[in-house]
Amino acid sequence: MSAYLVLARKYRPTTFSEVVGQDHVITTLKNAVLSGRVAHAFLFCGVRGVGKTTVARILAKSLNCTGRPDNDADPCCSCPSCKEIAGGYSVDVQEIDGASHTSVDNIREINENIKYPPVSSNYKIIIIDEVHMISMNAFNALLKTLEEPPAHAKFIFATTESHKVPATINSRCQRFNFRSISVSDICSGMAGILTKEGIDATSDALDMIAREAQGSFRDALSLLDQIVAFGEGKIDVSDVQSILGVGSRDRFFKLAEAIIAHDPPAALETLHMVFDEGYDPEQFTLDLSRFLRNLILVAHSKDNTAIIEMVDTGPNELEGLKALANKCSREELSNLFSILLKSEADIKRSGIPLIALEMTVVKMCMAPNLVDLSNVLKKIDSFRLGTVSGATASSEHPKVRRTRGGGAWMNRPKIFRSPCKARFSCGFRR
Ligand SMILES: [Zn+2]
């Protein structure tokens, strides 16, 4: 029986074209390889599971590939060099784990080795993963080599915590920021893999897995592995819910509708349905924050359609969010988010997080109706331009009257022009 290879390893991209969601990095690297203008040191930054190490290996393969045509930056994956790098036994490409090679001695060894020309390839390439873990002295020991490296040397550093990499190292490297992968990119990547595996999955189920992965493709594939084992050849939302312990997205919509309608009983009923399904209160709070964040972005997308790109959701949910966003003002949504955010720490700290969350939801239900400020300003403007009837203006003060002639400005209610003559008696300043 052959050993089972997890999806994340089985479908690890082997060429630039297979990398998901990092087009800005891939285009630049491909152009550098094709034009021969390849920097001597790279720093790949980004959260876990977005393809930093994978791209580092592809770049190493591409630089040392002997079967690659001149007009294609993708490695051939079949020449001896590509096979050696893929198998992890290349003498010219060394992959080092920064977390376990933190000392100055480790870096001295690299400094010594890098002086000698490559054995059978174009370049000697050092890949250091989690480079922020190496000690400050080790970083200092690396400086001289990075400053004046031999012509055959290339360094590729990867880190999830770029702020811990000293500025002296940063400035000697070409830096690439890897993005968190969008829900739609993760969904399409997973769909491609499932087709190759001959497994059916509903788009709702993939949406749910992608959201749970929070921008990390590797996390998404690890979850998918777990769900494939459970689902027996077919994946639907209920499989994902039972494995991840997350409720249906409908629950978020129902809860948000109840909150917007100021209906605490309906909100509490939905909340309890969620917990009956085994949702963790802390996780639910985080997921509700993300849901509200998406709702706020959708509400603001009426003014700027580019914002819709930032909404972290699949196309199925987007329409529902648009409909929900029309039911209340943006100020109200911001206020709800603010209440939830302030309560988040309390829910985490509480010995009984479920009750803390219940009270937060009740508080959100009882939040006052806030009016969109832009609407208020529009009304004031129309009032000033005299488009609002005099009766409305007069309601401000019994003595407000309009002057004759002089256009819109002269027709403005007197309330904007002079103090009330009767202010000493009634205290109202016009
Ligand atoms: Zn090759």
Side-chain angles (χ1 to χ4, degrees), residues 2-3 5-44 46 49-98 110 113-131 145 149-158 173-176 178 181 185 189 192-193 195-197 217-218 221:
S2 62
L5 207 55
V6 293
L7 293 175
R9 283 190 64 198
K10 188 174 176 184
Y11 292 100
R12 187 171 202 149
T14 54
T15 60
F16 286 124
S17 325
E18 290 171 18
V19 177
V20 174
Q22 306 295 352
D23 295 346
H24 62 300
V25 173
I26 299 304
T27 308
T28 317
L29 289 179
K30 276 171 107 172
N31 287 341
V33 170
L34 288 176
S35 63
R37 298 170 69 87
V38 181
H40 63 268
F42 296 89
L43 180 61
F44 292 169
V50 291
K52 300 179 298 296
T53 316
T54 300
V55 172
R57 282 184 195 160
I58 296 171
L59 179 62
K61 279 200 286 187
S62 180
L63 289 172
N64 279 349
C65 182
T66 50
R68 176 172 67 81
D70 287 342
N71 59 356
D72 189 4
D74 269 333
C76 74
C77 297
S78 53
C79 70
S81 168
C82 283
K83 282 182 178 168
E84 283 169 17
I85 296 170
Y89 53 87
S90 169
V91 284
D92 294 323
V93 176
Q94 203 181 346
E95 200 172 317
I96 297 162
D97 172 26
I110 294 171
N113 283 339
I114 202 84
K115 287 178 190 164
Y116 303 104
V119 177
S120 57
S121 320
N122 298 329
Y123 297 102
K124 211 161 194 180
I125 301 169
I126 306 287
I127 300 172
I128 306 184
D129 217 356
E130 300 299 345
V131 72
T145 312
H152 60 258
K154 300 282 177 203
F155 289 90
I156 309 173
F157 305 129
C173 298
Q174 217 172 67
R175 180 180 166 134
F176 288 86
F178 283 60
I181 303 171
D185 278 346
I193 287 172
T195 310
K196 287 177 195 162
E197 289 284 313
F217 197 54
R218 187 174 57 216
L221 292 188

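One-based numbering, in listed order, for ligands and for the atoms of each.
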(Q) Are there over 12 heavy-atom neighbours, none belonging to Y116, within less than 6.0 Å of that residue's OH? (A) no

Check whether any side-chain N or O of [X] sits under 3.5 Å from a backbone N or O of [Y] as a donor-acceptor pair, and report yes or no.
X   : Y    : value
K61 : K83  : no
S62 : A73  : yes
D92 : Y123 : no

**Q.** Heavy-atom pair with the smallest gap, counting every atom of P117 and K124
**A.** O-NZ, 4.2 Å

Q. Which protein N, O or S atoms does the Zn ion (ligand 1) have within a distance shorter than 2.8 Å?
A.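 Checking every protein N, O and S atom gives C65 SG, C76 SG, C79 SG, C82 SG.
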
**Q.** Check: F42 ring centre within less than 6.0 Å of F157 ring centre
**A.** no

